[in-house]
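Below is one structure, written out as structure tokens; the observations come after it.
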Amino acid sequence: MTPPSVARERILSRLRAAPQIVMTAPAVLTSPAEQSPETMLEQFRRGIEAFHAEVIDARERTWPIVLAEICATKRIATLMLPPVGMVNLQPWLDGPRLSRFDRPIETLKTELFDATNASLTIADGAIADTGTLIQSDPQRMPRTLSLVPPIHICLLDVRHLYPSLQSAVAATRWAEAMPSNLIFITGPSKTADIQQTMAYGAHGPRELVVLLTEDL
Amino acid sequence: MNRPANPPMPINFHANVRRVVANPVLRASFRGAMDFLTAKRATQFPDANAFETLRAQGEQIRQYALSRLPDLLEQLETNLTRNGIQVHWAQTPDEACRLIIDIASRAGGGLVVKGKSMVSEEIELNHALEAAGISALESDMGEYIVQLAGEKPSHIIMPAIHKTKEEIARLFADKVPGVEYTNSVDELIQIGRRVLRDKFRDTRVGLSGVNVAVAETGTLCLVENEGNGRMCTTVPDVHIAITGIEKVVEKLEHVPPLMTLLTRSATGQAITTYFNWISSPRRDGEMDGPKEVHLVLLDNGRSTAYADERLRATLQCIRCGACMNHCPVYARVGGHAYGTTYPGPIGKIVSPHMLGLEATRDLVTASSLCGACGEVCPVKIPIPDLLLQLRQQSQGHSKAPQLPGAGSGHKTLQSIAYRLFAGLYSRPALYRIFGLLATRLRAFSPNQQGAWTRSRVPLRPAGHSLHERMKSRNGAKVK
Ligand code: SF4
């Protein structure tokens, strides 16, 4: 076997020896025109519901109360919260046992994988045209919190909507400082790998609940 | 998992095809899956003009990236390295396997849990890992099923479409300890979920493919629906990604149009459940994420295709599978008959530079050139034109830079037949004599006509040629 550095040189020199084709850079792609917040919210809602998520509008109410109702109807016994932040939920939630993702995953795996019914996260925004939640800060929202527990409840501040993924890429300027992991979530985990029949809860959450709010 | 005794090879294409075409269950599985996928895709592109605009953009982004490929690869490497992701280069499947085995052994992984990666199939990674004493476990549901059955994927997006749910139910009951027969799809998926969840939790090394890599930011983008990709890339200590050298684009803003073309063309969804953009291992202050991330860049013939300006277009591919979903040949013979990692139209145009033209000589001819693949391709790869070019190379008639095995498809008898044909059709007198003889002696045409009569009635010339019939008809009119 050739040493890896040789492989690199050989591949690059083969590519450089090939005929050069000079092309202009693709034109910067246009985003859809500005839309009103209500239109975008409506679009977002329709989009993510089509992907089997449940959307609950808690804007007129206190969201921890709505959360408590969800925990009761879904019989959630254990709910895991992000490492820090978020109001103290204990007074509102007398049902589920609350825990926090406040240690490295190495010491938390058993609890996360085997003893947590649901997780609560906050989205950093959402994309209207596809109905997609954005999680862009793994320090505030650990990557696995939105993935491992069977039910994922996600808070979304409706003021943070982008018309499309393209416009989100432009507006957030991610390209200048990429988060270690950017995650876009559109619905609960699913698969159609057995005879094209859709089944939910393949490896990630079986259920995704989006709580719309304006006070986070 | 043991290697099948007679792995289907591209050189056995004709025999493989006969086996599938004679199997009604298999044919129904493929037909059903193709109808499902083509119908779902159609709902995503209701407006032909909008589709044309979008795919022109996709084509341009991919062609531009290829035009700067060596520069972008270096930029990608610089930025990934700056982000803490280690980059490795492999010219051959062998080199790629060795690199991965080394990384996995160093991490102390006796098991590698895998997200979906066609490049890992291309390098036959699972066999190489087993040979080195490391187990590989597929975690995409379709791949898991195929691995359990000791088979290979029959489709690049839906690996287990050749199986009915009853077959999968029996497979699970036989192979998964403690499982009773059930043909409820929900229950079957939950069985897979249970088995694999323990592995995600406890395994030290995860492996994945890459859908597109971004040079300006040093980012690896993955699309998926199940969440197994996120598990493999997030929970284990070490994440190894593997991809072909062609999968790079210059800017982050080039990703959205390509990804929307990919998911809509592949499974008819505006987006997949998860888009996962990885730019670095776990950073200080983060509670999870892998401690090491590696990227293996594989050549395996791609730089040979790159050297030929026309074949370079094969590297535009975003592996959506639409060309196979719309291919009348694939829909009938299925993915295994090709005997290559990538089946269908895309397989016919990329396998020659990976395996040489000799091994794949029957694949380039297995097309009616109906053009469906070229029409649906979201990055406008002119697949039918490339098939013609590869046929010429296979016959040794091309002046383009040669792929290994050029000229190997040449058959003396066939070329004599074509020369006779050309001779007859360019000499009117000879043609008339031939026509007269063929029609008058039609009773003597043979009943056995080789491959033709294996599944068709023998060809017999008509009693009168078209010329004769037109002449007598016109004569009747004049009167
Ligand atoms: S050749 Fe085109 S249609 Fe086929 S898989 Fe590649 S991108 Fe998709």
Side-chain angles (χ1 to χ4, degrees), chain A residues 1-2 4 7-8 10-12 14-19 21-23 25-26 28-29 47 51 83 101-105 109 113 130 132 138-139 142-144 147 164-166 169-170 174-175 178-191 193-197 199 201-204, chain B residues 33 36 57 60-61 63-64 67 69-70 88-91 94-95 98 141-142 158 160 164-165 168 185-186 188-189 193 196-197 201 216-217 219 225-228 230-231 234-235 245 252-254 256-257 270-271 273-280 283 285-289 299 303 306-307 309:
Chain A
M1 177 179 151
T2 46
R8 178 186 188 278
R10 289 205 182 141
I11 294 170
L12 285 173
R14 273 201 296 271
L15 294 177
R16 292 204 188 283
I21 299 172
V22 179
M23 275 184 75
V28 175
L29 310 144
F51 282 91
F101 201 130
D102 55 3
R103 323 190 287 277
I105 188 171
K109 273 189 186 171
F113 274 81
T130 48
T132 300
Q139 190 168 346
R143 315 170 194 212
T144 46
L147 177 67
S164 64
L165 178 57
Q166 191 65 263
V169 167
W174 283 317
M178 282 299 274
S180 54
N181 195 187
L182 239 175
I183 303 187
F184 301 91
I185 301 174
T186 313
S189 147
K190 65 178 187 292
T191 183
D193 273 357
I194 300 185
Q195 229 178 308
Q196 300 89 243
T197 307
H203 294 293
Chain B
F36 170 83
Q57 207 156 66
Q60 210 194 355
I61 290 170
Q63 282 184 344
Y64 173 70
S67 76
L69 186 57
H88 313 266
W89 303 69
Q91 297 181 86
D94 225 39
E95 286 181 11
R98 289 248 47 95
M141 287 294 177
M158 315 252 313
T164 62
K165 70 174 178 217
I168 295 165
V185 170
D186 266 319
L188 290 169
I189 294 297
R193 177 186 171 103
L196 290 159
R197 207 170 162 82
R201 190 190 52 213
E216 71 164 345
T217 56
T219 301
N225 287 312
E226 296 185 358
N228 67 307
R230 284 182 65 196
M231 290 277 189
T234 307
V235 183
I245 51 172
L252 196 64
E253 68 186 26
H254 296 161
I271 193 167
T273 304
Y274 302 116
F275 268 14
N276 181 2
W277 296 6
I278 299 166
S279 301
S280 126
R283 288 182 186 153
E286 293 177 1
M287 298 298 170
D288 62 1
D299 183 342
S303 57
Y306 189 79
E309 283 173 53

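A note on names: the letters A, B, ... follow the listed sequences, proteins ahead of strands, and every chain is numbered from 1. All of these numbers come straight from a predicted model, not from anything done at the bench. Note that these values count all heavy atoms, side chains included, but never hydrogens, waters or copies made by symmetry.
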Bottom line for B:I168: the part with an atom under 4.5 Å from chain A's heavy atoms is side chain
| request: Report yes if the side chains of A:W174 and B:T219 come closer than 4.5 Å at any heavy-atom pair, otherwise no. | output: no
Does A:P26 offer a backbone N or O that forms a donor-acceptor pair with the side chain of B:Q60 under 3.5 Å? no
Smallest heavy-atom separation, A:P188 atom then B:Y274 atom, equals C-OH, 4.5 Å
Here the gap from B:I245 atom CD1 to A:L15 atom CG, rounded to the nearest 0.5 Å, amounts to 4.5 Å
Pair count under 4.5 Å, heavy atoms only, with chain B: among A:G47, A:P179, A:A17, A:P19, highest is A:P19
If you tally heavy-atom pairs under 4.5 Å between each of A:I194, A:T197, A:V22 and chain B, the highest tally belongs to A:I194
Quiz item: Between A:R10 and B:D299, does at least one N-O distance fall below 4.0 Å, as a salt bridge requires?
Solution: no
**Prompt:** Can you tell me if A:K109 uses its side chain to pair, donor with acceptor, with the backbone of B:R201 under 3.5 Å?
**Reply:** yes
Bottom line for B:L196: the part with an atom under 4.5 Å from chain A's heavy atoms is side chain
The interface call for A:R143 against chain B, heavy-atom contacts under 4.5 Å, is both
Bottom line for B:T164: the part with an atom under 4.5 Å from chain A's heavy atoms is both
One option among B:A90, B:S67, B:G142, B:G227 has the most heavy-atom pairs under 4.5 Å with chain A, and it is B:S67
One option among B:R230, B:M231, B:M141 has the most heavy-atom pairs under 4.5 Å with chain A, and it is B:R230
Applying a strict 4.5 Å limit to non-hydrogen atoms, the region of B:E226 in contact with chain A is both
Note: B:I189 and A:A199 closest approach over all heavy atoms is CG1-CB, 3.7 Å
Would you check if A:I183 and B:F275 make a side-chain contact, meaning some heavy-atom pair closer than 4.5 Å? no
Heavy-atom nearest pair, B:E216 first then A:A175, reads OE2-CB, 3.7 Å
Closest heavy-atom pair, A:S180 versus B:R283, reported as atoms and distance to 0.1 Å, is N-NH1, 3.4 Å
Interface check, chain B: of A:V169, A:L182, A:T144, most non-hydrogen pairs under 4.5 Å belong to A:L182
Highest number of heavy-atom pairs under 4.5 Å with chain A among B:N225, B:T217, B:I278 belongs to B:N225
In this structure, CG of A:L147 is separated from OG1 of B:T234 (nearest 0.5 Å) by 6.5 Å
Here the pair of heavy atoms bringing B:P257 nearest to A:Q166 is CD-NE2, 3.3 Å
Side chains of B:R197 and A:F113: closer than 4.5 Å at any heavy-atom pair?
yes
Okay, A:P142 and chain B: the region with an atom under 4.5 Å from a heavy atom over there is both
The reported gap from CZ in A:R16 to CG in B:L69 (rounded to nearest 0.5 angstrom) is 9.5 Å
In short, B:R193 meets A:G204 closest at the heavy-atom pair NH1-O, 2.5 Å
If one checks every heavy atom of A:F51 against chain B at 4.5 Å, the contacting part turns out to be side chain
Cut-off 4.5 Å, heavy atoms of chain A, and the answer for B:A270 is both
Taken to the nearest 0.5 Å, the spacing of A:M23 CE from B:Q63 CD works out to 5.0 Å
Honestly, the part of B:Y64 sitting under 4.5 Å from a heavy atom of chain A is both
Q. Between the main-chain N or O of B:S279 and the side-chain N or O of A:N181, is there a donor-acceptor pair closer than 3.5 Å?
A. no
